[in-house]
Structures are given as structure tokens and as C-alpha cells.
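Counting convention: from 1, in listed order, for ligands and their atoms alike. Note that this is a predicted model, so its numbers are computed, not measured.
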Amino acid sequence: MEAIKYPFLDLGKVNEPYMDGIREAVERVVCSGRYIGGAEVEAFERRLGEMAGVAYVVGVSNGLDALRLILRGYVELGVMKAGDEVIVPANTYVASVLAVSDAGLVPVLVDASEETSNIDPLLIEDAVTERTRAIMTVHLYGRVSWGGEIKDIARRHGLKIIEDNAQAIGAMSACRGLYGGYATGGLGDAAGFSFYPTKNVGALGDAGAVATHDKELADAVMALANYGSNRRYHNIYQGFNCRMDPIQAAVVAYKLGFATREGEERRGLAGIYCTHITNPKIRLPRLEEGHVFHQFVVHVEDREAFTRYLSANGVGWDVHYAVPPHRQPCYADMLGKRYSGVLEVTERLARRCVSLPITRCTSVEDAIAISEIINAF
Ligand SMILES: *Cc1c(COP(=O)(O)O)cnc(C)c1O
């Protein structure tokens, strides 16, 4: 097998151009002597709030915790209670679903649209029952999952809309959010962000954030993330320790300034792939305004042969995701239940998806060369 000439991802290289800013941010925190909470976390929260167009941001430990805290917050506030249902796309990373079940809520999975890989908005209303309290929308691969249908269904049935914005920081919707903005993470009632190192804006470890337009929810999330305490030695909830590390806050706040440029670069590479890959065996994603291409995912019937071919020709690749949440052992009891048995599109996408290199480790010339290799498959 040939050595990998076009690596899928090299995080050291991704962070290289930011080294001076990162070093300065880390040094500032170390010298400040403040290692939990404080000015660095608050500055990060303000910055992300401006970017997403939301009034309240709470920095937290990671993206899963961000989503868990939103749902637990709604439960503590009496907006939802154990056994209530939350609609979640079947085609997502398992964390979206884990957040729902962790809060004692029931994830109701809705199949994907073949065209977008995101939740099929035309299937959502059928899944609504008298127990439904929220729709979680996931902007998978950085493609915005938002539109009139989701807003109308939520309004008609009095549902909250929660965004899983882990993969779509900097993405822009073509359709206004509930509060008038267009940036993902500010479209619905509340959103979870992840700064996991491989995400479009990555920390140097785990980090995440909750963004919301709802002050009560923000206060509940802040308390829950801090042992359930809203003032010192006063615990109003049975909470957790899910605080954001100030070193990560300082690094991420610095890197947020480059999110738009990162998104443009990724869209540029996606454009190259979309114009240069002409092999009819490869189904390409649709290019869209505002899509930030966290992953560039193609679909191919014989994935086994295709990925073997890519490796043999020095092209790095990955699969996001081979096993959908409802096929994971931890959700074995979901199979056969309503809206969880027939998730045909999700299962087909899971069998066929392949992610191609699309970070700053990949140059325009690389993307053209990779396209040519793929055309010869
Ligand atoms: C990464 C990711 C999460 C979880 O974020 P972590 O920071 O890794 O906990 C949740 N949802 C989606 C769609 C993700 O891609």
C-alpha cells in the first residue's frame, strides 16, 4: 500500500497558523492565576454570543454536555418532564440522541432526506404526538438544517427547537431564525456547540457551549454546570461539574475570529471537488450558500472497494458514520418502536458515506489531484 500522500486530517498542521495566538492565550491564562471560570470564559461567551446573535452563552465542558444541559435545564424548569418526547434526526452522531435519553426524555428518530443527509422536514409532523416537547435539528456536516417547515411545525404544536450546532459553527441559514437572525446556533430556542479538536473551530481538548435566547434557561444551565449551584454553597439542582476550562476558552475565543475564513476555505475545496469529480459512481453533496463543510461526504454504492482504492492511491478518508444511533447496542430497545424501525434512508446513507479530506491540510492542488484519482475509480 502506498503511503498516505493526502492525509485526511493532521491537527498539528490545522493549528500551526494559529500558534502565536494560541501561545499568547495560554500564557495569559497561566499568568492570570485564575484557572476556573473568570474573565477568559466570559470574554469567550460574549464573543460567541455576538457571532451567533444570541443574548446568553454559557461555556461548558464539551458538546454532549451542552446538549444534555439544555434538556436537563428544560426539565428543571418544568418545560419538559421524564417520558416526554424529543424529535431527533436518525442520521446524526450518537451524541445528539444520548443527550435526549440522558435527561429521561424519549428520542423519537425521524429519517433523513437523501439529498441533504439532514432530517427530512416532510416527515417531522407525522412523528409529533401529545408528548412531543421539542425538535432537535442537527446541521450535519456543516449543512444548515432549518426552514419554514420546522418553524411552522414547532409553532403549531408549541415545541421548542434545539440546534445541535456541533458541526456548523459559522454556517448561515437562508431562512430567518425564530429571533430574526441567520447564523446557526442562534436560529432556534437554544443550541449546543462543540469545540472538540476536529470540529471547524477546535480547542486543544474538550470544550463546548450553550447558546440561548432564554435567560431562564441560561441561568438553569449555568447552575446545572456548576454542581446545581446558583450561588456559593446553595444548590438548587442536583447538578454536575460541566464547566469550561479557561485555557480552552481563551484558545477558542481567539480561533473564533477565523471561523468565517475557515468556512470559506472549506467551501472553496468543496467547490473544487464538485466541479472536478465527474465519476458517475460517486454521488456528490449539493453545494449551498452558508454550508461550512465540516465534512465533505460523498456516497458510493461499493464503499468497501472505493475506500480500498483510495488507500491504495494515497488518499486519506473516513466514514461519518458507519453505524447510526438506532443500530448501536445501547439503543437496542429502540428497534421496532414507532419511527425507529423504518429508517431506510439513514441506513442507506450509513452504508454508502465516505468523507474526503477537506481541512487546511488539503491544498487546492491536492483537491484536484484527489478528484482525478477518484475519477479513475
Ligand atoms: C461532536 C458532536 C457532538 C458532541 O460534541 P463533543 O464535544 O464531542 O461532546 C454532538 N453532536 C454532533 C453532531 C457532533 O458532531
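Looking at L140 next to ligand 1, no N or O pair under 3.5 Å apart turns up. Between T92 and ligand 1, not a single N/O pair is under 3.5 Å apart. Backbone and side-chain nitrogen or oxygen atoms of G63 are examined, and one is located within less than 3.5 angstrom of a nitrogen or oxygen of ligand 1. The N/O atoms of Y93, backbone and side chain alike, include none that comes under 3.5 Å of an N/O atom in ligand 1. The shortest N or O to N or O distance between D164 and ligand 1 is under 3.5 Å. Backbone and side-chain nitrogen or oxygen atoms of Y196 are examined, and none is located within less than 3.5 angstrom of a nitrogen or oxygen of ligand 1.
Residue T346 forms a side-chain hydrogen bond (donor to acceptor under 3.5 Å, both in side chains) with just one option from T92, D111, N91, D120, and that option is D111. The only option from I22, I247, D245, V252 that meets the side-chain contact (heavy atoms from CB on, under 4.5 Å) definition with L204 turns out to be I22.
In this structure, K281 forms a cation-pi arrangement with F377, its terminal cationic atom sitting closer than 6.0 Å to the ring centre and no more than 45° off the ring axis. No cation-pi contact links R28 to Y254, judged by a cut-off of 6.0 Å to the six-membered ring centre and 45° from its axis.
Of all atoms in ligand 1, listed by their number and element, those nearer than 4.0 Å to a heavy atom of Q167 are 13 (C), 14 (C), 15 (O). Contact atoms of ligand 1 toward A166: 2 (C), 3 (C), 10 (C), 11 (N), 12 (C), 14 (C), 15 (O) (distance under 4.0 Å to a heavy atom of the residue). Listed by number with element, the atoms of ligand 1 under 4.0 angstrom from any heavy atom of L64 are 4 (C), 5 (O), 6 (P), 9 (O).
The pair R360-E262 meets the salt-bridge criterion, with a side-chain N (NZ, NE, NH1 or NH2) lying under 4.0 Å from an Asp/Glu carboxylate O. Between R286 and E115 there is a salt bridge, since a side-chain N of the basic residue sits under 4.0 Å from a carboxylate O of the acidic one. By the 4.0 Å N-to-carboxylate-O rule, E347 lies close enough to R327 to be salt-bridged with it.
Compare G202, A95, P197, P89 by their heavy atoms: the one nearest to atom 10 (C) of ligand 1 is in A95.
Ring geometry, F195 versus F44: the interplanar angle exceeds 60°, so the pair is classed perpendicular (tilted spans 30 to 60°).
The protein atom (non-hydrogen) at minimum distance from atom 2 (C) of ligand 1 is K199 NZ, 2.6 Å.
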